[in-house]
Engineer: 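Please read through the structure below; I'll follow up with questions.
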Number of protein chains: 2
Amino acid sequence: MLKEETILNNYLRENGLKQSRTREQVMRCFLETERHLTAEELYRKVSRRFPSIGMATVYRTLGILCRAGLAEELRLQDGVARYEHKYRHRHHDHLVCSSCRKFVEVADAELERVLAELAESRGITPEYHSVVVYGTCRECSGKINE
Amino acid sequence: MLKEETILNNYLRENGLKQSRTREQVMRCFLETERHLTAEELYRKVSRRFPSIGMATVYRTLGILCRAGLAEELRLQDGVARYEHKYRHRHHDHLVCSSCRKFVEVADAELERVLAELAESRGITPEYHSVVVYGTCRECSGKINE
DNA sequence: ATTATTGCAAAAAATTTGCAAAAGC
DNA sequence: GCTTTTGCAAATTTTTTGCAATAAT
């Protein structure tokens, strides 16, 4: 049994919710994917294997996964929520190529320190943050000069 | 005449667009507000003074203001775009209280440097970024202990 | 005169919700 | 048995678009 299932089940129990096969199936599909997923993308993936599961359930399950600390919501400029694994993936931030939309994940101790100090210096106890740096990746800046 | 109008008009001319009274009115309402605004909030403000201006025009004008470098889009977790002044407001990032949703703007040279270095170290030429740190402000952490 | 802009209503896109039937405890 | 979950469809919310009328150059 996956460690993530234990975490989910603990969360459910602690919150007076019930375990269900459907939720487990959605979670498994989610965990199998290494990339960032929109709800729509996850729904398509889930549908292929479990055609009876509906979109609303995917949304509801993603909400639970976030609250249980297994998923994290990421918002870029397009207003569409993306979800990525949180458990067993240490916290990281994102660099996005503004041209090809490729992602790079970065975990940087100095950045974390600077952000924490910044919040504390303003009387805010930091909880989490969202950092996205947009720029042009090497391949795309190559293309521009061709 | 406001400096911002010149910038807007230059942008319009350079892009084969036309000046219009409506756009100027929307821009003025936008500039008068010091806070972050959603399109909806700006629309309500515009409506009060110019009841005939429609929502679609507010959206279209906000797009132009962003492209002209006068406004900047900010996205928090709720998927609603917020807009703030860019010109005459030096770049800053945001701290948000996750409890009362209050904002603090921060301009921090060290943070800027770390972000730029991070992107460059991964082969990405940084263009802009979005940093939002969520945490609990002093007032809200006080309330929790009451 | 020609081309862009506007307001409106309708469309799209993303997400949420109400509800009756089904599943979990 | 009581409570939560599910799938569906409908509702909401935010943003975009098509179009005929209007305004700008």
Side-chain angles (χ1 to χ4, degrees), chain A residues 5 8-30 36-68 71-83, chain B residues 5 8-30 36-68 71-83:
Chain A
E5 279 179 43
L8 177 61
N9 292 340
N10 286 346
Y11 173 83
L12 295 174
R13 197 166 338 98
E14 284 161 20
N15 290 83
L17 305 176
K18 290 172 177 170
Q19 294 181 224
S20 86
R21 166 167 305 149
T22 304
R23 285 215 261 249
E24 230 168 76
Q25 290 166 334
V26 173
M27 182 175 85
R28 293 204 163 184
C29 288
F30 175 67
H36 306 80
L37 283 175
T38 63
E40 175 66 30
E41 285 161 352
L42 178 57
Y43 170 63
R44 280 209 293 275
K45 197 171 153 68
V46 167
S47 279
R48 236 173 281 133
R49 213 160 348 143
F50 310 105
S52 70
I53 295 180
M55 182 85 237
T57 299
V58 170
Y59 270 103
R60 288 186 277 228
T61 306
L62 278 169
I64 289 173
L65 291 176
C66 286
R67 273 169 262 132
E72 185 166 356
E73 202 180 280
L74 174 68
R75 289 201 178 258
L76 304 182
Q77 342 232 77
D78 60 2
V80 184
R82 272 152 237 271
Y83 299 86
Chain B
E5 280 179 44
L8 176 61
N9 292 339
N10 286 348
Y11 173 82
L12 294 174
R13 196 164 342 97
E14 284 163 18
N15 290 84
L17 306 175
K18 290 171 176 170
Q19 294 180 225
S20 87
R21 164 167 306 149
T22 306
R23 287 214 261 249
E24 230 168 75
Q25 290 166 333
V26 173
M27 183 175 83
R28 293 202 162 186
C29 288
F30 175 68
H36 305 81
L37 283 174
T38 63
E40 174 67 29
E41 284 162 351
L42 178 57
Y43 170 64
R44 280 208 294 275
K45 196 171 153 67
V46 167
S47 279
R48 236 173 280 135
R49 212 160 350 141
F50 310 106
S52 70
I53 296 179
M55 180 87 235
T57 299
V58 170
Y59 270 102
R60 287 186 278 228
T61 306
L62 279 169
I64 288 173
L65 291 176
C66 287
R67 272 170 261 131
E72 185 168 355
E73 202 179 279
L74 174 68
R75 289 200 179 258
L76 304 181
Q77 343 228 74
D78 60 2
V80 183
R82 271 154 236 271
Y83 300 85

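Below, all heavy atoms of this structure are taken into account, side chains as well, without hydrogens, waters or symmetry copies. Naming convention: chains lettered A, B, ... in sequence-line order (proteins, then strands); numbering from 1 in each chain.
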Engineer: Send over the distance from A:Gln77 CD to C:dA13 P, rounded to a whole Å.
Structural biologist: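 About 20 Å, once rounded to whole Å.
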Engineer: Do the side chain of B:Asn15 and the main chain of B:Leu17 share a donor and acceptor less than 3.5 angstrom apart?
Structural biologist: no
Engineer: Please give me every residue in residues 42-65 of chain A whose heavy atoms get under 4.0 Å of an atom in DNA chain C, ordered by residue number.
Structural biologist: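 A:Ala56, A:Tyr59, A:Arg60, in order of number.
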Engineer: I need the CZ-C1' distance between A:Arg82 and C:dT15, as an integer number of Å.
Structural biologist: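 In whole Å, C:dT15 C1' and A:Arg82 CZ are 15 Å from each other.
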Engineer: What is the separation between atom CG on A:Leu12 and atom C1' on C:dA23, rounded to the nearest whole Å?
Structural biologist: 14 Å
Engineer: Could you check whether any side-chain heavy atom of A:Phe30 comes within less than 4.5 Å of a side-chain heavy atom of A:Leu62, counting everything from C-beta outward?
Structural biologist: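 Yes, close enough: below the 4.5 Å cut-off.
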Engineer: By nearest nucleotide on DNA chain D, pick out whichever of B:Lys18 and A:Lys18 is the more 5' one.
Structural biologist: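 Comparing both residues, the 5'-ward one is A:Lys18.
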Engineer: Quick one: does A:Arg82's side chain have a donor or acceptor within less than 3.5 Å of a partner on A:Leu74's backbone?
Structural biologist: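 It does not hold such a pair.
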Engineer: When you match B:Ser20 and A:Gly79 each to their closest nucleotide on DNA chain C, which lands nearer the 5' end?
Structural biologist: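 Per heavy-atom nearest nucleotide, the more 5' residue is B:Ser20.
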Engineer: Do A:Leu42 and A:Tyr83 have side chains that approach each other closer than 4.5 Å (heavy atoms only, starting at C-beta)?
Structural biologist: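 No - every pair of side-chain heavy atoms lies 4.5 Å or more apart.
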Engineer: Is it the case that the side chain of A:Arg60 and the backbone of A:Arg23 share a donor-acceptor pair, with hydrogens and angles ignored and the cut-off at 3.5 Å?
Structural biologist: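 No.
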Engineer: B:Gln19 or B:Thr38: which one's nearest nucleotide on DNA chain D is closer to the 5' end?
Structural biologist: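 Nearest nucleotide further toward 5': that of B:Thr38.
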Engineer: Between B:Arg28 and B:Glu5, is any pair of side-chain heavy atoms under 4.5 Å apart?
Structural biologist: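 A side-chain contact under 4.5 Å exists here.
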Engineer: Determine the contact category for A:Glu40: base if any of its heavy atoms lies under 4.0 Å from a base atom, sugar-phosphate if only primed atoms, P, OP1 or OP2 are that close, otherwise nothing.
Structural biologist: nothing
Engineer: Students should find this one: the first and last nucleotides of DNA chain D, 5' to 3', lying under 4.0 Å from a heavy atom of chain B. What are they?
Structural biologist: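 Terminal contacting nucleotides, 5' to 3': D:dT14 to D:dT25.
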Engineer: If you define the side chain from C-beta out and look only at heavy atoms, does anything of B:Leu8 sit under 4.5 Å from B:Ile64?
Structural biologist: yes
Engineer: Before accepting this row, confirm whether a basic side-chain N of the pair B:Lys45/B:Glu41 lies closer than 4.0 Å to the acidic partner's carboxylate O.
Structural biologist: no
Engineer: Drop me the distance from A:Thr38's OG1 to A:Arg44's CZ, to the nearest 0.5 angstrom.
Structural biologist: 6.5 Å
Engineer: Take atom CZ of B:Arg13 and atom C1' of C:dT3, then tell me their distance rounded to the nearest Å.
Structural biologist: 17 Å
Engineer: Once you round it to whole Å, what is the distance between C1' of C:dT16 and CG of B:Asp78?
Structural biologist: 14 Å
